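Let me begin by presenting the structure, written as structure tokens, before commenting on it.
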Protein chains: 2
Amino acid sequence: MAWDTAKTKRLLLDAAVDEFAAYGPEGARIDRIAAAAGVNKERIYPYFGGKRQLFAAVIQRELEQLAAAVPMEEADGRAVDLPEYAGRVFDYHHDHPHLLRLLQWEALYGDAAAPVAGEERRAAHYAEKLAAVSRARRGEVDSARAGVPLAPEELLYAVVALVGWQFAAPQLARMILGAAVDEDPAARRAAVVDMVRRLAL
Amino acid sequence: MAWDTAKTKRLLLDAAVDEFAAYGPEGARIDRIAAAAGVNKERIYPYFGGKRQLFAAVIQRELEQLAAAVPMEEADGRAVDLPEYAGRVFDYHHDHPHLLRLLQWEALYGDAAAPVAGEERRAAHYAEKLAAVSRARRGEVDSARAGVPLAPEELLYAVVALVGWQFAAPQLARMILGAAVDEDPAARRAAVVDMVRRLAL
DNA sequence: GAAGCCACCAACCCGCCGGTTGGAATCGGG
DNA sequence: CCCGATTCCAACCGGCGGGTTGGTGGCTTC
């Protein structure tokens, strides 16, 4: 039954996601990860090299899962409209609270000036989203309304910010929105979708 | 010359702000704080009790400074309009990048369920802001436009989220907005103000 | 000038934790 | 059946860092 190196790596990564999300790259404990994975901690070093590399591997894998899970286009090729997309992003973060925590740890620990690992891949991913937004908005904006529409980058930024904030800083969101933040996610989702709709007009 | 206990406390707090903002409550080093303050590290214990309490004291002081620095009403009592308020919040965080980092560390380390220190004071502060928004919006919304206006809580939330995101997660914002995030803060400010204006209509 | 607090210095204690090592089982391929 | 790679176990090392302590000198107050 042993001899399945891919499985041991996966077990370690699975445990590492929880541990790093909870305690960060510094606070995470190698022993806890190994214990939770049911694997001996020394296995980490031949496979990943060390704590920091394991953290990087965790982030990498989680980002790939996100990219695959929330597409901007339907399976049939039709573009998803932006408020609906915002709703899906909300759902994803609601169901996978680990990811944003990991990204926050990364933001706090990383050198602000230095690029993060896998930056070009991530940037390419967002460039795609951006192009999709532009395409979807062509002709969709309310031409009856005066004024220029928002730039696609700004719209996409707003989606991420409005969705992300309450997951990234729940203690601050609670100050403004009250306990509803935790208690009524459906209402929060609707509110965010509504705001994005107003911005997209 | 000596004998100024208030000054030593202040020196320690000043140094602690930088250290905690940079490294977080775990990564911060007592020795570095003391060295930066030009004070002996043992002084921390009689004054603050320990590392964690020092961190709490730091957050407390920074929040009080924020509350004092960005009022919702002018000195003459007139209400500040919301987009303008968003601009001021932006300016504050741009000039004081420590605060959001501290709050992020707090969010990541704190037990999500447990209330944070000084929660009631902070909540009261936001309740005031909320009341001010409601007052300012009375009659200001564009009644010619169809549809119900956004709730004040949502508006205030949007202000904080849209402003805060790029400071809290600069590496993510850069993926969408490009290098402009760091290079052209004035343009970012204008963009955020514009989005808030659209939402406030 | 005596008492008492404040600050400095320097060393020390002690627990924690990332990473290492050596040895013994286990399993696959040839 | 034997070689080589995988895993487990257990103990260990070494550095780091929060917190403590004992001793010294200075300032303020009474």
Side-chain angles (χ1 to χ4, degrees), chain A residues 1-61 101-102 105-106 108-111 117, chain B residues 1-61 101-102 105-106 108-111 117:
Chain A
M1 197 40 176
W3 222 230
D4 190 347
T5 79
K7 182 178 179 184
T8 14
K9 281 175 82 168
R10 213 202 61 234
L11 286 172
L12 281 172
L13 275 175
D14 289 343
V17 170
D18 292 344
E19 178 75 9
F20 278 123
Y23 303 104
E26 190 116 350
R29 297 292 164 237
I30 292 283
D31 312 54
R32 276 201 296 254
I33 294 175
V39 171
N40 264 280
K41 68 169 181 171
E42 8 135 39
R43 292 290 89 203
I44 289 172
Y45 300 92
Y47 280 151
F48 300 97
K51 204 194 201 186
R52 301 199 77 82
Q53 288 99 312
L54 180 57
F55 181 71
V58 162
I59 287 215
Q60 196 67 28
R61 200 185 60 159
R101 286 184 66 93
L102 290 169
W105 287 117
E106 183 190 46
L108 285 172
Y109 274 98
D111 186 350
Chain B
M1 188 47 158
W3 223 229
D4 191 346
T5 81
K7 181 178 180 183
T8 24
K9 281 174 81 168
R10 213 202 62 233
L11 287 172
L12 282 171
L13 276 175
D14 290 342
V17 170
D18 293 344
E19 179 75 10
F20 278 123
Y23 303 104
E26 190 116 351
R29 297 291 166 240
I30 293 282
D31 312 54
R32 277 200 296 254
I33 294 175
V39 171
N40 263 281
K41 68 169 181 172
E42 12 141 56
R43 293 290 89 205
I44 289 172
Y45 300 93
Y47 281 151
F48 300 97
K51 204 194 199 187
R52 302 199 76 84
Q53 288 98 312
L54 180 57
F55 181 71
V58 162
I59 289 215
Q60 196 66 29
R61 201 185 59 160
R101 285 184 66 93
L102 290 169
W105 288 117
E106 182 190 46
L108 285 173
Y109 275 98
D111 185 350

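Lettering follows sequence order; numbering is per chain, from 1. Everything quoted here is computed from the prediction, not taken from an experiment.
A donor-acceptor pair under 3.5 Å links the side-chain atoms of B:E19 to the main chain of B:R29, judged by distance alone.
Salt-bridge formation is not detected for the pair B:D18/B:R101: no Lys NZ or Arg NE/NH1/NH2 atom is positioned less than 4.0 Å from an Asp or Glu carboxylate oxygen. A salt bridge is defined here as a Lys NZ or Arg NE, NH1 or NH2 lying under 4.0 Å from an Asp or Glu carboxylate O, and A:K7 with A:D14 fails to meet this definition.
Atom NZ of B:K7 and atom C1' of C:dC6 are 14 Å apart (whole Å). Residue A:E19 contributes atom CD, which lies 13 Å from atom C1' of C:dG18 at whole-angstrom precision. Summarising the geometry, the separation between CD on A:E42 and P on D:dT6 is reported as 13 Å, rounded to the nearest angstrom. Atom P of nucleotide C:dG18 and atom CZ of A:R52 are separated by 12 Å, given to the nearest angstrom. Straight-line distance from the CD atom of B:Q53 to the C1' atom of D:dG18: 12 Å, rounded to whole Å. Between the CZ atom of B:R43 and the C1' atom of D:dG26 there is a distance of 13 Å, rounded to whole Å. Taking atom CD1 of residue A:I33 and atom P of nucleotide C:dC17, one finds them 12 Å apart after rounding to whole Å. Atom P of nucleotide C:dC8 and atom CD1 of B:I44 are separated by 11 Å, given to the nearest angstrom.
At a cut-off of 3.5 angstrom, the base of D:dG19 holds at least one donor-acceptor pair with the side chain of B:K41.
Annotation for B:R52: atom CZ does not count as buried by contact number, only 12 or fewer foreign heavy atoms lying within 6.0 Å.
Residue A:R29 places at least one side-chain N or O closer than 4.0 Å to OP1 or OP2 of C:dG18. At least one side-chain nitrogen or oxygen of B:Y47 sits closer than 4.0 Å to the OP1 or OP2 atom of C:dA7. Remark: B:N40 is not in phosphate contact with C:dA7, judged by side-chain N or O atoms under 4.0 Å from OP1 or OP2. For A:T8, a side-chain nitrogen or oxygen approaches OP1 or OP2 of D:dT7 to under 4.0 Å.
Among the protein residues, A:A34 comes within range of no part of the nucleic acid, since none of its heavy atoms lies under 4.0 Å from any strand. Using a 4.0 Å heavy-atom cutoff across all strands shown, B:G38 reaches sugar-phosphate atoms only and no base atom.
Closest non-hydrogen pair, B:P25 versus B:Y109, comes out as CG-CD1, 3.3 Å.
Closest contact between the side chain of A:Y45 and the listed nucleotides D:dC9, D:dG18, C:dT20 involves C:dT20. Side chain of B:I30, nearest nucleotide from C:dG18, D:dG18, C:dT21: D:dG18. Comparing D:dG18, D:dT7, D:dC8 by their closest approach to the side chain of A:V39 singles out D:dC8.
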